[in-house]
Amino acid sequence: MTTQRKIARRVGLAWLMALCLSLTVAGTPASAGIAYVDGISDQSLPTWDGGFSSSYFAAFFHNVWVGSPPVHITLARYVVQWNVMSGSYPEYRSKFESWLTDIASIGLTPDLALTSYDGVYPESSAEYKARLQQVLGQAQTMGHSIHYLEAWNEPNNQGGYPRIDQAAIPAGYTNEAHATCEEGYGCTIIAGNLEDTPNVASYEDAFRAHLHPTPTIWGVHPYFSVEERSEAPIQRVVEHLPNGGAGDQLWFTEVAARKCRDFNGDFVENGETGQAERAEWLVNMLMHNRRPEHVFYYEFLLKEHRQPDCRTEGADDALYLPGSGIDAAERPRPAASYIWSGKTVFWGYTGSATGAQPEQATFAGSFYPGGFLGAGYPFEYP
């Protein structure tokens, strides 16, 4: 947006943001588990606005979600091709290394999950371990060691081992990953990372039967719970953890408040209102009641200015819609306010002015109207 004799009124927005952040602190319950989303699981992060280093949204994300107290996002998660270092996946490798560099630049702790995107799987646990060592070794070489490791992403769905009789395979990867982390790579295993599907209990039992040793940190992707706004799906997961979950940490390693979701073969489009309702339920009900140790939201913004589209993408998770260019503000959806604080609060952020001339400048800002509330803000010349 370009205008004459107008610039961003940063002081007013800064005061508004500070007020809202103080309200967020006051409303945070003192209890075990995290009270807000503190992790980002976003495959598009290295290509936000076409490239992280020059992205308006990356600067906004760093300043608001990561850098401004109370700090919300401290962890970043990435799902990488298990044999990305084999030489057959130069594009995947480039994006993975960019992700490591980008999150390190803003001080986030890495959590890495392995998977297969192309239907190629390890022929043995030994092959899996050898490729894993290459991935972890490359991260160490870059100076960005992996802190948390998920041996296999969502094995009962995206990871490609959905049958109960296949559960021993990703369990074997978990055993190898645990041993590898203890061999000098310094990572901590997050086990399971199962989606809370209707058959998760039997799958989980088969998975657990092949674990040696039994982990104490368990990941779950509560997509069904959030879509249905019911704790029954995640309850099935918890009941089949060791000792019913007593003494274990529960992490939501991937979750979204989707605008559209298809569980039963029927196309569903909830609209932005439905997405916001599910975001509010995630924070104020599911997280409040289940007390997860950490929660990773998928996702914040699609790559390269792509517009989310239920019909072509199959799912629409993003909290933001892309701006018109790399210096243009992305539009937050109502769900973003609930993911931030669980409340309908007002707050905003202004980026740096660009193209400044004596009587005109280009400026951008993001404003959270607070859930379903309508609002606006002016840019004024002082």
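Remember, it's a predicted structure, so these values are computed and weren't measured experimentally.
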### Query
Do the charged groups of E231 and R290 touch, with an N to O distance under 4.0 Å?
yes
### Query
Looking at D102 and K95, does any basic side-chain N land under 4.0 Å from a carboxylate oxygen?
no
### Query
Say you draw a straight line from NE2 of H144 to CD of Q138; how long is it, rounded to the nearest 0.5 Å?
10.0 Å
### Message
I need the E330 CD to Y56 OH distance, nearest 0.5 Å.
### Response
7.5 Å
### Query
Got a second to check how far Y117's OH is from Y92's OH, nearest 0.5 Å?
7.0 Å
### Message
Working to the nearest 0.5 angstrom, can you tell me the gap between L319 CG and D42 CG?
### Response
9.0 Å
### Polar side-chain atom of S98 near backbone of S94 as donor-acceptor pair, under 3.5 Å
yes
### Query
Does a side chain donor of either N199 or R236 reach within less than 3.5 Å of an acceptor in the other side chain?
no
### Side-chain donor-acceptor pair present, D49, S55, cut-off under 3.5 Å
yes
### Task
Give the intermediate values and the outcome of side chain to side chain contact (heavy atoms under 4.5 Å, CB included) for residues L100 and I146.
CA-CA 9 Å; L100 279 172; I146 302 302; 3.9 Å; yes
### Query
When the ring centroid of F61 is compared with that of F300, is the distance short of 6.0 Å?
yes
### Query
Can you find a side-chain donor-acceptor pair between E150 and W152 that sits under 3.5 Å?
no
### Message
Nearest 0.5 Å, please: how far is CZ in R278 from OG1 in T273?
### Response
10.5 Å
### Message
Walk me through whether V255 and V295 qualify under side chain to side chain contact (heavy atoms under 4.5 Å, CB included).
### Response
CA-CA 8 Å; V255 67; V295 179; 3.9 Å; yes
For residues 208-224, please give each side-chain donor-acceptor pair under 3.5 Å, one per line with the distance, not counting sequence neighbours.
{"residue": "R208", "atom": "NH1", "partner": "H240", "partner atom": "O", "Å": "2.7"}
{"residue": "H210", "atom": "ND1", "partner": "A206", "partner atom": "O", "Å": "3.0"}
{"residue": "W218", "atom": "NE1", "partner": "P215", "partner atom": "O", "Å": "3.2"}
{"residue": "H221", "atom": "ND1", "partner": "E154", "partner atom": "OE1", "Å": "2.6"}
{"residue": "H221", "atom": "NE2", "partner": "T253", "partner atom": "OG1", "Å": "3.0"}
{"residue": "Y223", "atom": "OH", "partner": "E254", "partner atom": "OE2", "Å": "2.6"}

### Message
Under a 3.5 Å cutoff, is there a donor and acceptor pairing between the side chains of D309 and Q307?
### Response
no
### N-O pairing of R258 and E277 below 4.0 Å
no
### Task
Compute the ring centroids of Y89 and F96, then answer whether they are less than 6.0 Å apart.
no
### Query
Can you check side chain to side chain contact (heavy atoms under 4.5 Å, CB included) on H147 and C187, steps first, answer last?
CA-CA 5 Å; H147 287 236; C187 37; over 6 Å; no
### Query
Given E176 and R131, is the salt bridge (charged side-chain N to carboxylate O under 4.0 Å, His left out) satisfied, shown in steps?
CA-CA 11 Å; E176 295 292 354; R131 294 302 186 187; over 6 Å; no
### Query
How far does CG of L282 sit from OG of S225, to the nearest 0.5 angstrom?
10.0 Å
## Note on the structure
Sorted by chain and number, sequence neighbours left out, side-chain hydrogen bond (donor to acceptor under 3.5 Å, both in side chains) with Y161 holds for Y173
### Query
Is the backbone N or O of T47 less than 3.5 Å from a side-chain atom of S44, with the two atoms forming a donor-acceptor pair by type?
no
#### Entry: Any residue meeting side chain to side chain contact (heavy atoms under 4.5 Å, CB included) with S105, in chain and number order, not counting sequence neighbours
F52
